[in-house]
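The sequence lines fix the lettering, A, B, ..., with proteins before strands; numbering per chain opens at 1.
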Amino acid sequence: MKKILFFLYFSIFTSNILSASDSDFYRSTGKIYGVYGVVLILVLGLIFYLISIDKKLKKIERNLDNE
Amino acid sequence: MNIKNNWWKYLGVLCFIYAITAGLLIPLKPGIAEISEHSLYSGSSVDLSVRGYNTSFAEENYSGYIRLSGSQQIKASGFNVLDNQNAILHFELPHSFEGQEKVSEATLVINSPLHGYAIYPNLRILKPETDIPNNAQWENILEVTEADWKFAFPYRNIIVETIRNTFYHVAIWMAMFVLLTIALVYSILYLRKGNPVHDHVASSFTYISLVFGVIGVATGSVWARFSWGAFWTNDVKLNMVAISMMIYLAYGILRASIDDNDKKAKTAAIYNIFAYAAMIPLIMIIPRLTASLHPGNGGNPAFGTDDMDNTLRMVFYPAIIGLGLIGGWIAQIGIRIKKIDEKLINRALND
C-alpha cells in the first residue's frame, strides 16, 4: 500500500512537470536541465553508496553461512 | 520501523521529498531576460526593447523606469506591449545627471501591481560630447509598492532556473560539514576512551561524508556547465575542494592498508582530526580571501542576505536537514554492520 501511494505521488509530480505548457517558462532557457542533472546525480550517488553497503552486508551473510 | 526511536529517519525522508518537490515546482518571479541596448546617451530618446521572463505584459498594467545609482529615476513615457514577453519601452532621457562623471550606472526596473518588480542591472548612461538640452527631468524615486505576497523564487540573470540547485548542491555541502563534524567528535572520543564503537561511528560518518563530497563536486560541475560555461574551472574553491577530497580519500586508503584493528582505529582517528583541520581552511577560508566565482567573497554565502531570500530559505533549510538525516541514517546502517561484523569475529576467535 505504501509503495502504491509513493508511486502515485511521484507520477502526479512528474506529470505536472512534463505537461508544462509553452507559456510556462520552466524549460524555455534550457537551464532547468541543469537542475534535473543535479538531482539525478544526487539520487544516483546515494543509490551507488547503498549498493556498496549492500555488498558489504552480503559478504558478512556469506561468512555466517560458512560457519 | 518503530516511530518512537526512528522518527528522525521519517523526518529526513519527508524533508528530502519536500526539498525535491518544492524545489522543482515553485515558479520563479518575473524577470528581465534581455534588453536591446546597454549604453544610453543622456538627452536622447530611446526605444528599449525588453524581453521578459515569466512576465505577463499583455495581461497587466506594467510601468518601466530607469534608475540612477543615486536616488533618481525616469519613468518610461511609452510602454508598447508586443506580447506577454516582449515590449518596447520609450524613454526621454534628461540631458544631465548629478555629479561630474561621464558615465552613470543605471538599472532598468519594470513594475506591475500584481507581480511586483523585476530589475535589470548593468545599464550605463553616458554623457554625449555635445549637450542637447531638453525638458525631461529626473524625478525622485518613490517607494515601489510591494506586490501581494506570492510564493516564488527570485529571478537572477544568468543562473535563472538553476537557482534551484541551491537546495541540492549547496545543501549537500552543508550536510557534509555536519556529518564530518560528528565524525571528528567521535574520533576524539575514540582517542580518549578507546571504545571500538566510537571508531565505527567515526569511520561510517567519514565515508558517507566522502560520498556527499563526491556528489557535491559532481553536482557543482553540472551547475558550472550551465552557469559558468564549463564543467571545471580554475576557480580557487574547486581546486581546494579537490585537495580536501584527496585528503579524505587517503583516509579510506589508510584504513584499508592497516590490518591490525586497534592500530587501524587509532591511526584513522588521528588522521581524521588532521584531515578536518586541513579541510576547514581549504574550503571555508582560502576561497573567501581571494577572488572566486562562488558567491560570498569575504562573506557568508549560504546564510548571508545578498544571495538568499526567504522563499529560498524555506526550501534550503529543510533540504539541509533532510540530507543530513538521510546521511546519518546511512551512516547508522554502516555502524550496525560493523558491530555485527565485530561480534562475528569475536565469536570466531572464542570458538
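For the set B:Ile215, B:Val222, B:Asn165, the entry with the most heavy-atom pairs within less than 4.5 Å of chain A is B:Asn165. Options B:Asn84, B:Val214, B:Ile208 differ in how many heavy-atom pairs under 4.5 Å they form with chain A, and the most are formed by B:Ile208. Contacts with chain A were tallied for B:Val211, B:Val160, B:Ile340; B:Val211 has the most, counting heavy-atom pairs under 4.5 Å. Ranked by heavy-atom pairs shorter than 4.5 Å toward chain B, the options A:Gly34, A:Gly45, A:Gly37 are led by A:Gly34.
A donor-acceptor contact under 3.5 angstrom links the side chains of B:Trp223 and B:Thr162, judged on distance only. Defined by atom type and a distance below 3.5 Å, a donor-acceptor pair is present between the side-chain atoms of B:Asn6 and B:Lys9. Looking at B:Glu161 and B:Tyr53, their side chains do bring a donor and an acceptor atom within 3.5 Å of each other. Between A:Lys31 and B:Ser227, the side chains place no donor N or O within less than 3.5 Å of an acceptor N or O (distance only, hydrogens not considered).
Contacts of B:Ile159 with chain A are made by backbone atoms alone, with heavy-atom separations under 4.5 Å and no side-chain atom involved. Residue contact with chain B, scored on non-hydrogen atoms closer than 4.5 Å, involves the backbone and the side chain of A:Tyr33 alike. Both the backbone and the side chain of A:Val35 come within less than 4.5 Å of a heavy atom in chain B. Proximity to chain A (any heavy atom under 4.5 Å) is restricted, for B:Ile172, to the side chain, taken from C-beta onward. Only the side chain of A:Leu50 comes within contact range of chain B, with heavy atoms under 4.5 Å apart. Proximity to chain A (any heavy atom under 4.5 Å) is shown, for B:Tyr207, by both the backbone and the side chain.
Taking both residues in full, the closest heavy atoms of B:Ala118 and B:Pro30 are given as CB-O, 3.5 Å, listed atom of the first, atom of the second, then distance.
Ion pairing between B:Arg51 and B:Glu34 holds under the 4.0 Å rule for side-chain N and carboxylate O. A salt bridge links B:Asp309 with B:Lys29: the distance from a Lys NZ or Arg NE/NH1/NH2 to an Asp or Glu carboxylate oxygen falls below 4.0 Å.
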